[in-house]
Amino acid sequence: MSIAFFDSGIGGLTVLREAVRKLPDEDFIFFADTLHVPYGPKTKQQVTEYVCESAERIFGEKVKALVIACNTATSVAATELRRVYELPVIGMEPAVKPAVEMNGAGGRRVLVLATELTLSQAKYMELVSRVDDKRIVDSLPMPELVQYCERLNFDPAELGDYFRRKFEPFDLDAYGTIVLGCTHYPYYAPLLESVLPPHIRVIDGSAGTVRRLTAVLSERGVQGGGSGKVRFMNSADDPAYNEKLERAWELLHKTIG
Ligand code: DGL
């Protein structure tokens, strides 16, 4: 039995990378909703429908858990998937809590980067109001970054310009942590770190999600039985997209290790 990872596109591989490292005795399926990427600019209803269609395909495979390796899909559809399926569904959310804890004493602010759909959801607003008692959290949607990523555009000059433009309205000295609240964004973590002032820490939710996955597997007594195999699938059954997933997977090993 495999553990399924799901995202609109190649972004979720950044979470799968962490899972493969931490859980070498598991096998994995990675399913990308190629037909509908990107999710960020779409409506809650559309994305919920796409996620449910994908989940039906995924649960048709031999899987023991599903990780929604997508902040956007989690924020609109995790509750619905948990209602419909008995197998564990592990979602993810922007790592706002650890970021606030890191900055509480230092007096610096937190900037959360995510898709416009994630940032507009009640789930995100509730998360911020629960943990941000000092009102230090700001948010910035970066819709173009998902498009750059899906085109495997990692050109440092073009992306460097893009980031500088996006951060222009912000006084970066006032910020201590940037949260990557979309699983496509960690591909750009090294590049981001090179354009940001050195005191800013860049964090994402992968490690927390994989910790939760590990706990759920052990609670259910279903750990192990695999050997680190990864199988790629996509909603269009397009072999060219699976090749792109393989290229992105190799690239990730080079960029984030
Ligand atoms: N990777 C996704 C996320 O974590 C969604 C990106 C998109 O499809 O717009 O939010």
Side-chain angles (χ1 to χ4, degrees), residues 4-19 30-55 58 66-79 81 89-96 99 111-125 127-128 139-154 162 166 178-189 192 202-210 212-213 232-236 241 244-245 248-249 251-252 255-256:
F5 274 64
F6 164 72
D7 183 35
S8 58
I10 69 172
L13 292 178
T14 59
V15 192
L16 180 61
R17 178 82 195 102
E18 174 75 7
F30 185 85
F31 187 98
D33 188 8
T34 331
L35 288 174
H36 303 115
V37 64
Y39 282 171
K42 304 204 166 77
T43 65
K44 178 178 180 172
Q45 285 73 10
Q46 284 172 315
V47 175
T48 305
E49 201 176 292
Y50 302 150
V51 175
C52 290
E53 278 166 23
S54 294
I58 293 166
L66 169 64
V67 177
I68 314 176
C70 175
N71 296 264
T72 313
T74 301
S75 66
V76 301
T79 310
L81 293 190
V89 174
I90 291 104
M92 59 191 308
E93 62 184 12
V96 182
L111 184 59
V112 181
L113 313 181
T115 68
E116 54 278 54
L117 190 56
T118 299
L119 296 175
S120 68
Q121 292 308 297
K123 192 172 186 293
Y124 175 72
M125 290 170 202
L127 167 68
V128 173
S139 318
L140 175 65
M142 287 220 165
E144 304 83 2
L145 203 50
V146 173
Q147 312 271 16
Y148 280 126
C149 190
E150 285 294 319
R151 291 198 293 267
L152 299 183
N153 184 344
F154 300 102
Y162 168 74
K166 292 296 280 192
I178 287 195
V179 177
L180 305 181
C182 166
T183 56
H184 281 76
Y185 300 172
Y187 285 89
Y188 297 100
L192 259 170
V202 177
I203 65 166
D204 66 57
S206 299
T209 305
V210 172
R212 178 79 198 118
L213 168 65
F232 295 121
M233 297 176 68
N234 67 80
S235 55
Y241 198 87
K244 179 152 106 172
L245 287 167
W249 188 234
L251 216 130
L252 262 186
T255 51
I256 62 173

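Model, not experiment: these values are computed from the prediction. Just so you know, ligand 1 is whichever comes first in the structure, and atom 1 is the first atom listed for that ligand.
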Worksheet item: Hey, is the main chain of E150 close enough, under 3.5 Å, to the side chain of K244 for a donor-acceptor pair?
Response: yes
Discussion item. My understanding is that we take every heavy atom of each candidate and find the minimum distance to atom 2 (C) of ligand 1. Doing that for G181, A69, A114, C70, which one comes out nearest?
Written reply: C70
Fill in: Partner of T118 under side chain to side chain donor-acceptor pair (under 3.5 Å), chosen from T72, T74, N71
T72
Practice prompt. Please write down residue, atom name and distance for the protein heavy atom closest to atom 10 (O) of ligand 1.
Written response: T72 OG1, 2.5 Å
Discussion item. In terms of relative ring orientation, are Y162 and Y148 parallel, tilted or perpendicular, with 30° and 60° separating the classes?
Written reply: perpendicular
Item to complete: Number the atoms of ligand 1 from 1 as they appear, then name those within less than 4.0 Å of a heavy atom of T115, with their elements.
Response: 6 (C), 9 (O), 10 (O)
Discussion item. Has T48 got a side-chain atom pairing as donor or acceptor with A77's backbone, closer than 3.5 angstrom?
Written reply: no
Worksheet item: Out of V47, D33, D204, T183, whose heavy atom is nearest to atom 4 (O) of ligand 1?
Response: T183
Discussion item. Checking the side chain of Y188 only, and the main-chain atoms of C149 only, is there a donor and an acceptor separated by less than 3.5 Å?
Written reply: yes
Discussion item. Just to confirm my output: which protein heavy-atom neighbour is closest to atom 7 (C) of ligand 1, and how far is it?
Written reply: Y39 N, 3.3 Å
Fill in: Per-atom contacts, ligand 1 versus S8 - under 4.0 Å to a heavy atom
5 (C), 6 (C), 7 (C), 8 (O)
Worksheet item: Within the distance-only criterion (no hydrogens, no angle test), does the side chain of Y185 pair as donor or acceptor with the backbone N or O of A114 below 3.5 angstrom?
Response: yes
Worksheet entry | Main-chain N/O of E93 paired with K123 side-chain donor or acceptor, under 3.5 Å | no
Worksheet item: Can you find an N/O atom of G11 closer than 3.5 Å to an N/O atom of ligand 1?
Response: no
Practice prompt. State whether the shortest distance between N or O atoms of T118 and N or O atoms of ligand 1 falls below 3.5 angstrom.
Written response: no
Fill in: D7 and ligand 1 - part of the residue with a heavy-atom distance under 4.0 Å
side chain
Worksheet entry | ligand 1-proximal atoms of V146, by part, heavy-atom distance under 4.0 Å | side chain
Worksheet item: Side chains of Y124 and S139: do they bring a donor and an acceptor to under 3.5 Å?
Response: yes
Practice prompt. Taking only heavy atoms of G40 into account, list the atoms of ligand 1 that are under 4.0 Å away from them.
Written response: 7 (C), 8 (O), 9 (O)
